[in-house]
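Remarks on the structure that follows.
Every chain is numbered from 1, with letters handed out A, B, ... down the list of sequences.
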Amino acid sequence: MPKNSPFTDAILSWYDRNGRHDLPWQHPASPYDVWLSETMLQQTQVATVIDYFQRFKSKFPDIPSLAQASLDEVMQLWAGLGYYRRAKHLHEAAKIMAKKHSGRVPSSLEDLMALPGIGQSTAGAILSIAYQKPCAILDGNVKRVLCRHYGIRGWPDSTLTLKQLWPLAESLTPNKDCHRYAQAIMDFGAVLCTRNKPNCQACPIQKSCYAFLQQCIEQLPEKKPRAKVPEKTLHFWILQRDNGDIFLTQRPPLGIWASLWAFPEGEPPMSNLAEYHKQTLSPFLHLLTHFRLTIKATLVHIGKQNLAEIKLAGTWCAPHTVGKTLGVPKPITKLITQL
DNA sequence: GATGCGTGGAA
DNA sequence: TTTCCAAGCAT
């Protein structure tokens, strides 16, 4: 049995004393829980995920229940968490698992990576944490820790850098405690070796850390300069009946807020708009990673007239019940509260 | 390789 | 206020 590297042992030891051991997906770390949590945690912080994970689990405790659900039920539970493709992929993958994998999360790298929404790092997390197979993970935390400790230059997502990081991550993964190590290295990055102001003072591997010794902690990992974020404006049409009900339509399966329910956007949803009383709501800003969205909205009072002229398919519902049954993006939630 | 995809929190 | 970006993946 080959010995662990000093790095690996130090991370494991740090984790036992300082790591988070009480996250809702850790006891027990069933394959389903690990898969679900790892998916929710993609580009999303632990504090945000906890509530979503628990709500999702209580509605869909296992693969069969998720596989049998409608996409709308899944999206409703995911609404607000962002990156909605994850929810669609999760649902699709559950159906595949139910049909082709006896209702279980597969336990081979090949089978896992063939599923939608599971890439190499998520597959590695499932294999190591849920199945105790010594597979490497390489998420943002691990990349940051390794780039600093081993002085790896270049953008962490460039092909050249990944070619160094993956073998390194694999060589550091222990055979015996791989499931603890996977949690440990991610926690270490999330809690101690943070992007800003890492706690080097308390770091057990400070003495072998390239970035600490070279005093370039803030410079590693190198960050790619971002293009300036473009501005965009979206215009929503809020159709409201006398009884207060509002009209929602499902967004297309591709693009932003895919498959979620929202007010008609863009062109007016009816040709006889002039016949109705309208009210312009105050615009507000909605920030995304790749856009600065100005959200504008016009409230159209429909009254009791014939509604047949609405061009879109959709549904009428009471404003306060919307979020309980349909998945709606944040800006729509905000508009509804303003009515 | 570059781009699209959400949201909330921190500085 | 603005900027940055957090347990990535798919196209």
Side-chain angles (χ1 to χ4, degrees), chain A residues 19-20 23 25-26 29 33-53 75 78-90 92-93 112-126 128-129 136-145 154-163 165-166 169 182-191 193-197 218 221 223-232 234 251-260 262 285-293 295 327-334:
Chain A
R20 295 170 293 190
L23 298 172
W25 45 86
Q26 291 179 326
D33 286 15
V34 174
W35 169 47
L36 176 59
S37 63
E38 287 299 327
T39 302
M40 287 186 163
L41 285 161
Q42 288 167 9
Q43 303 289 284
T44 312
Q45 296 183 340
V46 168
T48 306
V49 165
I50 290 175
D51 286 345
Y52 281 90
F53 177 85
M75 298 312 289
W78 202 275
L81 195 55
Y83 286 139
Y84 298 99
R85 234 176 347 193
R86 293 181 294 174
K88 186 169 294 185
H89 287 154
L90 197 78
E92 289 171 8
L112 283 170
M113 289 188 62
L115 293 166
I118 299 182
Q120 191 172 353
S121 188
T122 299
I126 293 169
S128 56
I129 298 171
I137 51 172
L138 195 58
D139 63 3
N141 286 315
V142 181
K143 286 174 189 165
R144 183 172 56 255
V145 173
W155 300 323
D157 294 315
S158 73
T159 304
L160 188 63
T161 308
L162 289 173
K163 239 168 138 174
L165 286 174
W166 272 112
Q183 301 269 14
I185 184 74
M186 287 192 287
D187 246 25
F188 185 81
V191 172
C193 196
T194 49
R195 186 66 187 90
N196 301 307
K197 301 191 177 179
E218 299 287 351
K223 43 183 170 180
K224 193 173 181 170
R226 281 193 191 207
K228 197 174 171 232
V229 177
E231 312 253 354
K232 278 178 83 172
L234 291 185
R251 295 184 59 86
L254 292 177
I256 189 144
W257 304 313
S259 302
L260 269 66
L285 202 58
H286 185 78
L287 299 172
L288 297 90
T289 306
H290 52 300
F291 282 124
R292 290 170 59 88
L293 283 184
I295 308 285
V328 292
K330 281 289 171 181
I332 300 301
T333 305
K334 182 166 179 176

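At least one donor-acceptor pair closer than 3.5 Å links the side chain of A:Gln26 to the backbone N or O of A:Arg20. Under a 3.5 Å cut-off, the side chain of A:Thr48 and the backbone N or O of A:Val46 do not form any donor-acceptor pair. A donor-acceptor contact shorter than 3.5 Å is absent between the side chain of A:Ser259 and the backbone of A:Pro253.
Within the 4.0 angstrom heavy-atom criterion, only backbone atoms of the sugar-phosphate kind lie near A:Arg144; the bases stay farther away. Across all strands, A:Thr39 comes closer than 4.0 Å to no nucleic acid atom at all (heavy-atom distances). At the heavy-atom level, A:Leu115 lies under 4.0 Å from the strands shown only through sugar-phosphate atoms. Among the atoms of the strands shown, base atoms are found under 4.0 Å from some heavy atom of A:Leu288. When heavy atoms are screened at a 4.0 angstrom cut-off, A:Val46 is found touching base atoms of the nucleic acid. Within 4.0 Å (heavy atoms only), A:Arg226 reaches at least one base atom of the nucleic acid. Nucleic acid contact for A:Pro331: sugar-phosphate only, since backbone atoms but no base atoms lie under 4.0 Å from a heavy atom of the residue. As judged by a 4.0 angstrom heavy-atom cut-off over every strand, A:Gly80 is placed among residues touching the sugar-phosphate backbone only. Residue A:Ile118 is in sugar-phosphate contact alone, with no base atom involved, counting any heavy-atom pair closer than 4.0 Å across all strands shown. Counting any heavy atom pair closer than 4.0 Å across all strands shown, A:Thr48 reaches no nucleic acid atom.
A sub-4.0 Å separation between OP1 or OP2 of B:dA11 and a side-chain N or O of A:Lys197 is absent. Within the 4.0 Å cut-off from OP1 or OP2 of C:dC4, not a single side-chain nitrogen or oxygen of A:Lys223 is found. Phosphate proximity of B:dT7 to A:Tyr84: present, with a side-chain N or O under 4.0 Å from OP1 or OP2. Phosphate contact (OP1/OP2 of B:dA2, side-chain N/O of A:Lys224, threshold under 4.0 Å): present. The side chain of A:His290 contributes no N or O atom lying less than 4.0 Å from OP1 or OP2 of B:dG4.
To the nearest angstrom, P of B:dG4 lies 15 Å from CD of A:Gln43. Per the geometry, CH2 belonging to A:Trp257 stands 9 Å off C1' belonging to B:dG6, to the nearest Å.
Residues A:His89 and A:Leu41 each lie close to DNA chain C; by heavy-atom proximity, the contact nearer the 5' end of the strand is made by A:Leu41. Nearest-nucleotide positions on DNA chain C place A:Arg195 closer to the 5' end than the other of A:Arg195 and A:Gly117.
Under the 4.5 Å side-chain criterion, counting only non-hydrogen atoms from C-beta, A:Met40 is not in contact with A:Trp25.
The base of C:dG8 is not paired with the side chain of A:Arg86 by any donor and acceptor separated by under 3.5 Å. The base of B:dT7 does not come close enough to the side chain of A:Thr44 for any donor and acceptor atom to sit less than 3.5 Å apart. The base of C:dG8 lies outside donor-acceptor range of the side chain of A:Ser121, with no N or O pair under 3.5 Å.
Side chain of A:Phe291, nearest nucleotide from B:dC5, C:dA6, C:dC5: B:dC5. Counting only heavy atoms from C-beta on, A:Thr289 has its side chain closest to B:dG6 among B:dG6, B:dG4, C:dT3. If you check C:dC9, C:dT3, B:dT7 against the side chain of A:Thr122, the one that comes closest is C:dC9. Minimum atom distance to the side chain of A:Lys330 is reached by B:dG8, of the listed B:dG6, B:dG8, C:dT2.
A distance of about 23 Å separates the P atoms of C:dC9 and B:dG8, rounded to the whole Å.
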